[in-house]
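Encoded as structure tokens, the structure appears first; notes follow it.
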Amino acid sequence: MATLKIKKGDTVKVIAGRDKGKEGKVIAINRKKSTLLVEGINMITKHTKPSMQNQQGGIVHQEGPIHISNVMYLHKGQPTRVGFKMDGDKKVRYAKSTGDVID
């Protein structure tokens with residue numbers, strides 16, 4: 001399986017779809033489906049039954065999955081592509097626009 005260029009906790013910008021132009025932090029990633037959940041992006045309405053966790057039940061607003069190809073990593077407030085390079089004997093991510101190492 002190919003290495004994903006975006007990780008949990010990264011700040012991303014949506015480049016396609018209904019929420020185009022919005023920014024948010026990655027909450028979770030589904031590697032099999034290549035989707036991710038971004039804070040405040042692709043909000044869906046879910047009708048829930050009363051349960052032990054949610055005694056009241058009712059309508060819940062939560063983030064829906066968005067495909068990884070529809071987001072871009074934000075580096076210093078600017079969207080950029082992400083690449084990999086060897087830093088000594090360690091593989092690191094870097095921002096292609098500036099060449100800075102991300103992590």
Side-chain angles (χ1 to χ4, degrees):
M1 183 181 290
T3 308
L4 295 180
K5 297 180 178 183
I6 295 174
K7 293 182 177 180
K8 183 179 173 181
D10 286 348
T11 306
V12 294
K13 183 173 189 172
V14 180
I15 58 170
R18 182 180 63 187
D19 294 320
K20 182 178 179 177
K22 292 184 181 178
E23 300 172 3
K25 190 176 173 185
V26 177
I27 301 169
I29 296 179
N30 183 341
R31 294 177 64 87
K32 272 193 173 170
K33 293 184 180 178
S34 297
T35 59
L36 41 92
L37 295 179
V38 183
E39 237 172 48
I41 305 294
N42 196 23
M43 297 301 286
I44 58 172
T45 305
K46 189 171 183 177
H47 299 264
T48 59
K49 283 184 173 181
S51 64
M52 293 302 284
Q53 288 83 19
N54 186 5
Q55 298 282 332
Q56 192 69 28
I59 299 170
V60 177
H61 298 284
Q62 65 185 33
E63 290 88 359
I66 185 169
H67 198 269
I68 203 160
S69 66
N70 294 336
V71 298
M72 247 181 142
Y73 180 80
L74 274 182
H75 181 67
K76 297 181 181 172
Q78 295 288 71
T80 182
R81 292 184 298 155
V82 176
F84 291 98
K85 66 180 177 182
M86 295 304 288
D87 188 23
D89 59 343
K90 191 175 181 184
K91 184 178 174 184
V92 293
R93 293 188 304 163
Y94 74 99
K96 287 199 173 184
S97 61
T98 60
D100 296 343
V101 173
I102 296 168
D103 54 1

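One is the number of the first residue; the rest follow in order along the sequence.
Applying the side-chain contact (heavy atoms from CB on, under 4.5 Å) rule to Asp87 yields the partners Val92; only residues at least two apart in sequence or on another chain are considered. Applying the salt bridge (charged side-chain N to carboxylate O under 4.0 Å, His left out) test to Lys7 and every residue at least two apart in sequence or in another chain returns Asp103. The salt bridge (charged side-chain N to carboxylate O under 4.0 Å, His left out) search around Lys85 returns none, not counting sequence neighbours.
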Point to revise | Arg93 and Asp10: CA distance, side-chain angles, deciding distance, side chain to side chain contact (heavy atoms under 4.5 Å, CB included) verdict | key: CA-CA 12 Å; Arg93 293 188 304 163; Asp10 286 348; 2.8 Å; yes
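For the residue pair Gln56 and Pro50, the shortest heavy atom distance occurs at O-CG, 3.9 Å. Minimum interatomic distance between Pro79 and Lys13 (heavy atoms only, all atoms of both residues): CG-CD, 4.2 Å. For Lys32 against Asn30, the heavy-atom pair with the smallest separation is N-OD1, 3.2 Å. The two atoms that bring Ser69 and His67 nearest to each other are OG-ND1, 2.9 Å, heavy atoms only. Considering every non-hydrogen atom in both Glu23 and Ile41, the closest pair reads O-CD1, 4.2 Å.
Taking CG of Asn70 as the reference point, atom NZ of Lys20 lies at 10.5 Å (rounded to 0.5 Å). Remark: Thr80 OG1 to Met72 CE distance equals 6.0 Å, nearest 0.5 Å. In this structure, NZ on Lys5 lies 10.5 Å from CD1 on Ile102, to the nearest 0.5 angstrom. The NZ atom of Lys96 sits 14.5 Å away from the NE2 atom of His75 when rounded to the nearest 0.5 Å. For the atom pair Gln78 CD and Tyr73 OH, the distance stands at 13.0 Å (nearest 0.5 Å). The OG1 atom of Thr98 sits 5.5 Å away from the NZ atom of Lys76 when rounded to the nearest 0.5 Å.
Hydrophobic clustering places Ile6 together with Val14 (ILVMFWY residues linked when any side-chain heavy atoms are closer than 4.5 Å, directly or through intermediates). Hydrophobic clustering places Val38 together with Ile29 (ILVMFWY residues linked when any side-chain heavy atoms are closer than 4.5 Å, directly or through intermediates).
Side-chain atoms of Leu36 and Pro65, non-hydrogen and from C-beta on, never get closer than 4.5 Å to each other. Annotation: side chain of Gln62 is not in contact with side chain of Thr48 (no heavy-atom distance under 4.5 Å). In this structure the side chain of Val12 reaches within 4.5 angstrom of the side chain of Val26, judged on heavy atoms. Using a 4.5 Å heavy-atom cutoff, the side chains of Ile68 and Leu4 are in contact. At a threshold of 4.5 Å between non-hydrogen side-chain atoms, the residues Asn42 and Glu63 do not count as touching.
Within 6.0 Å of atom CD in Gln55, more than 12 heavy atoms from other residues, nucleotides or ligands are found, so the atom counts as buried in its surroundings.
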